[in-house]
Engineer: 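Please see the structure below; I have some questions.
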Amino acid sequence: MPELPEVETFRRIMEKRALGRTVRRVLVGDRRILAGVAAVRLSRGLVGKRFSAALRHGKQAFLTVEGGGAVGIHFGMSGLPVILEKGEPEPPHSRVVFRFTDDTALVFRCPRMFGKVRLLQSANRFIEQRGLGPDALAADLRAFRKAMKPRKGAVKGALLNQSVLAGIGNVYADEVLFQTGIAPETPGERLDAEDHRRLHGNLRRIFTTSLRLETDWTAVPKTWLIPNRNRDGSCPRCRNPLRRGTVTGRTTFWCASCQSDRSENLYSGGTSR
DNA sequence: CTGCAGTCCTGGTGGC
DNA sequence: TGCCACCAGGACTGCA
């Protein structure tokens, strides 16, 4: 499930292996993966040109094309980039293949077809048109607080909303709420400045740790929620069974004893962490 | 404006 | 063991 750290890892792979090579041909294995561009136009826009930069904003990745334009890649829930060496066969579910003149290739694999490939005038214009919020990793505390400005709905909904902050998905939303001790359904307006400060700090730490581990979920600390988010999983802090339910339409794991909905703050100070 | 349910799609899994 | 219904996930659409 590519969220911000996974997409940043993908960006680095593409940066290392897709830049500076000339596109020889573009093969579209399934045109449903294309958004707003026909296969022919995508091909005509790229053949003979090189990718000049690999960018990322939230969960969106972009390969800028020399001479103007960019390819936008959204990985959906199962997408990933695969680099093919010369002579290496295409893996299953190769939806778009960017074949270079040196016979290596960049493949967009996307088994579950939730991803999208676009041909854009510019990455920044796309980000603006989509109304994407600030990148969740790049945002400083000031930008984070501004984005999370008091909202009535569940705090998890705000974290998942890409127009509030770009890059947080279901798994990391649960993780940051767990580590901050905030229940996922807590109304945003109930959070105070200290909650925001801790959410922001924890989010940055979680993302940078995940990046350092190259997003290998088997290697994340046992004290995190991620290794325990399964049926009959238990809280790594208090060992109580984790709750599993639906918040803003998404499967959610949380610990009822370690995560507070902040309502008791109204009449008892200092009990929550 | 805001939040939320429904929808897309397919591989993996739970349950029988 | 084999089969199948069901579920997950991100983001868009449409509704209240």
Side-chain angles (χ1 to χ4, degrees), chain A residues 1-11 28-37 56-62 72-82 91-96 107-118 120 123 126-137 146-177 183-191 207 210 215 217-218 225-233 242-254 261:
Chain A
M1 300 126 240
E3 301 185 28
L4 190 151
E6 288 77 24
V7 177
E8 174 61 18
T9 302
F10 296 163
R11 187 199 68 78
V28 176
D30 191 323
R31 63 185 58 195
R32 291 175 300 171
I33 213 74
L34 302 179
V37 62
R56 182 193 59 76
H57 185 94
K59 304 174 197 173
Q60 305 278 347
F62 306 94
I73 301 176
H74 183 266
F75 294 94
M77 69 172 283
S78 60
L80 72 164
V82 176
H93 316 297
S94 295
R95 307 308 188 189
V96 182
V107 174
F108 179 46
R109 277 195 70 197
C110 192
R112 294 187 194 179
M113 293 294 296
F114 265 38
K116 284 285 176 256
V117 172
R118 299 177 164 89
L120 308 168
F126 176 79
I127 292 164
E128 191 177 332
Q129 284 177 345
R130 282 291 151 127
L132 293 180
D135 182 79
L137 183 59
K146 188 180 173 192
M148 295 287 288
K149 65 182 180 296
R151 296 182 147 248
K152 286 185 178 178
V155 60
K156 178 164 179 180
L159 291 172
L160 288 177
N161 188 333
Q162 301 301 297
S163 62
V164 172
L165 286 165
I168 306 171
N170 196 43
V171 171
Y172 287 99
D174 281 2
E175 188 65 51
V176 71
L177 289 171
E185 72 277 17
T186 307
E189 58 191 354
R190 212 176 272 173
L191 302 183
F207 277 169
S210 262
T215 68
W217 283 5
T218 66
L225 182 67
I226 285 174
N228 303 283
R229 52 176 300 129
N230 51 62
R231 299 171 205 284
D232 60 46
L242 289 175
R243 293 284 190 84
R244 182 182 186 277
T246 301
V247 177
T248 50
R250 298 262 84 97
T251 299
T252 302
F253 289 86
W254 77 100
D261 68 3

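Note that these values count all heavy atoms, side chains included, but never hydrogens, waters or copies made by symmetry. Labels below follow one simple rule: chain letters A, B, ... track the order of the sequence lines, proteins then strands, and each chain is numbered from 1. Here the structure is a predicted model, which is why all the values come from computation and not from measurement.
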Engineer: How long is the line joining CZ of A:Arg112 and P of B:dG11, in whole Å?
Structural biologist: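 One finds 8 Å between P of B:dG11 and CZ of A:Arg112, rounded.
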
Engineer: Over its full length, what angle do the end axes of the helix from B:dT2-C:dA16 to B:dC16-C:dG2 make, each axis taken from five pairs and the result rounded to 10 degrees?
Structural biologist: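 Axis angle across the helix from B:dT2-C:dA16 to B:dC16-C:dG2, nearest 10°: 50°.
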
Engineer: Rounded to whole Å, please give me the gap between CD in A:Glu3 and C1' in C:dA8.
Structural biologist: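 Roughly 13 Å, once rounded to whole Å.
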
Engineer: Hey, what are the protein-to-nucleotides 2-4 of chain B N/O distances that come in under 3.5 Å?
Structural biologist:
unit_1	atom_1	unit_2	atom_2	d
B:dG3	OP1	A:Arg151	NH1	3.3
B:dG3	OP2	A:Arg151	NH1	2.1

Engineer: Can you tell me the distance, in whole Å, between the CZ atom of A:Arg229 and the C1' atom of B:dT13?
Structural biologist: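 After rounding, the gap between these two atoms is 16 Å.
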
Engineer: Take atom CD1 of A:Ile73 and atom P of C:dA11, then tell me their distance rounded to the nearest Å.
Structural biologist: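 About 15 Å, once rounded to whole Å.
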
Engineer: Scan A:Lys59 against the nucleic acid and name what it touches under 4.0 Å (heavy atoms): base, sugar-phosphate only, or nothing.
Structural biologist: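 It contacts sugar-phosphate atoms only.
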
Engineer: If you measure from the Lys or Arg side-chain nitrogens to the Asp or Glu carboxylate oxygens, is any gap between A:Asp174 and A:Arg250 under 4.0 Å?
Structural biologist: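 Salt bridge: no.
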
Engineer: Once you round it to whole Å, what is the distance between C1' of B:dG6 and CZ of A:Phe114?
Structural biologist: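 These atoms are roughly 12 Å apart.
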
Engineer: Donor-acceptor check, side chain of A:Arg130 to backbone of A:Ser163, threshold 3.5 angstrom: yes or no?
Structural biologist: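 Answer holds: no.
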
Engineer: Tell me the interatomic distance from A:Phe75, atom CZ, to B:dC9, atom C1', rounded to whole angstroms.
Structural biologist: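 Checked: the CZ to C1' distance equals 18 Å.
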
Engineer: Can you tell me which residue among A:Val82, A:Val107, A:Asp30 is in a side-chain contact (heavy atoms from CB on, under 4.5 Å) with A:Ser94?
Structural biologist: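 Of all the options given, the one that passes is A:Val107.
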
Engineer: Whether the side chain of A:Arg31 engages the backbone of A:Ile33 through a donor-acceptor N/O pair (distance < 3.5 Å, no angle test) should be reported.
Structural biologist: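 No; judged by distance alone, with no hydrogens or angles, the pair does not exist.
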
Engineer: Has A:Arg130 got a side-chain N or O lying under 4.0 Å from the OP1 or OP2 atom of C:dC12?
Structural biologist: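 So the side chain of A:Arg130 is within the cut-off, an N or O lying under 4.0 Å from OP1 or OP2 of C:dC12.
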
Engineer: Pick base, sugar-phosphate or nothing for A:Arg118, based on heavy-atom distances below 4.0 Å to the nucleic acid.
Structural biologist: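 The answer is nothing, as A:Arg118 stays clear of every strand by at least 4.0 Å.
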
Engineer: Judged by each residue's nearest nucleotide on DNA chain C, which is more toward the 5′ side, A:Thr251 or A:Gln162?
Structural biologist: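 Nearer the 5' end of the strand: A:Thr251.
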
Engineer: Taking atom CZ as the centre, does A:Arg243 end up with more than 12 heavy-atom neighbours from other residues, nucleotides or ligands that are less than 6.0 angstrom away?
Structural biologist: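 12 or below, so no.
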
Engineer: Could you check A:Thr248, A:Asn170, A:Thr186 and say which one makes a side chain to side chain donor-acceptor pair (under 3.5 Å) with A:Lys156?
Structural biologist: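 Per the side chain to side chain donor-acceptor pair (under 3.5 Å) rule, the option paired with A:Lys156 is A:Asn170, out of A:Thr248, A:Asn170, A:Thr186.
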
Engineer: Within this structure, what is the CZ-CD distance for the pair A:Phe207 and A:Glu6, rounded to the nearest 0.5 Å?
Structural biologist: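 Separation between the atoms: 8.5 Å.
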
Engineer: Please check the phosphate of C:dG10 (OP1 and OP2 only) for any side-chain N or O of A:His74 closer than 4.0 Å.
Structural biologist: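 For A:His74, the contact criterion (side-chain N or O under 4.0 Å from OP1 or OP2 of C:dG10) is not met.
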
Engineer: Which nucleotide in the list C:dA8, C:dG10, B:dG11 gets nearest to the side chain of A:Pro111?
Structural biologist: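 Nearest to the side-chain atoms of A:Pro111, counting from C-beta on, is B:dG11.
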
Engineer: So A:Glu8 and A:Leu137, do their side chains get closer than 4.5 Å, heavy atoms only?
Structural biologist: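 Sidechains of A:Glu8 and A:Leu137: no contact.
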
Engineer: Output the rounded distance in Å from CG (A:Asp174) to C1' (C:dG10).
Structural biologist: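 So the two atoms are 15 Å apart, to the nearest Å.
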
Engineer: Reckon A:Arg32 touches a base, only the sugar-phosphate, or nothing at all at heavy-atom distances under 4.0 Å?
Structural biologist: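 Sugar-phosphate only.
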
Engineer: Checking contacts here: which listed nucleotide (C:dG10, C:dA11, C:dA8) is nearest the side-chain heavy atoms of A:Gln60?
Structural biologist: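 Nearest to the side chain of A:Gln60 among the choices is C:dA11.
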
Engineer: I'd like to check A:Phe62 versus A:Leu120 (side-chain heavy atoms, cut-off strictly below 4.5 Å). Are they in contact?
Structural biologist: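 Result yes, sub-4.5 Å side-chain heavy-atom pair found.
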
Engineer: Take atom CG of A:Leu132 and atom C1' of C:dG10, then tell me their distance rounded to the nearest Å.
Structural biologist: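 Distance, rounded to whole Å: 12 Å.
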
Engineer: Looking at CD of A:Glu185 and CG of A:Asp261, how far apart are the two atoms once the value is rounded to the nearest 0.5 Å?
Structural biologist: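 A:Glu185 atom CD to A:Asp261 atom CG measures 6.5 Å (nearest 0.5 Å).
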
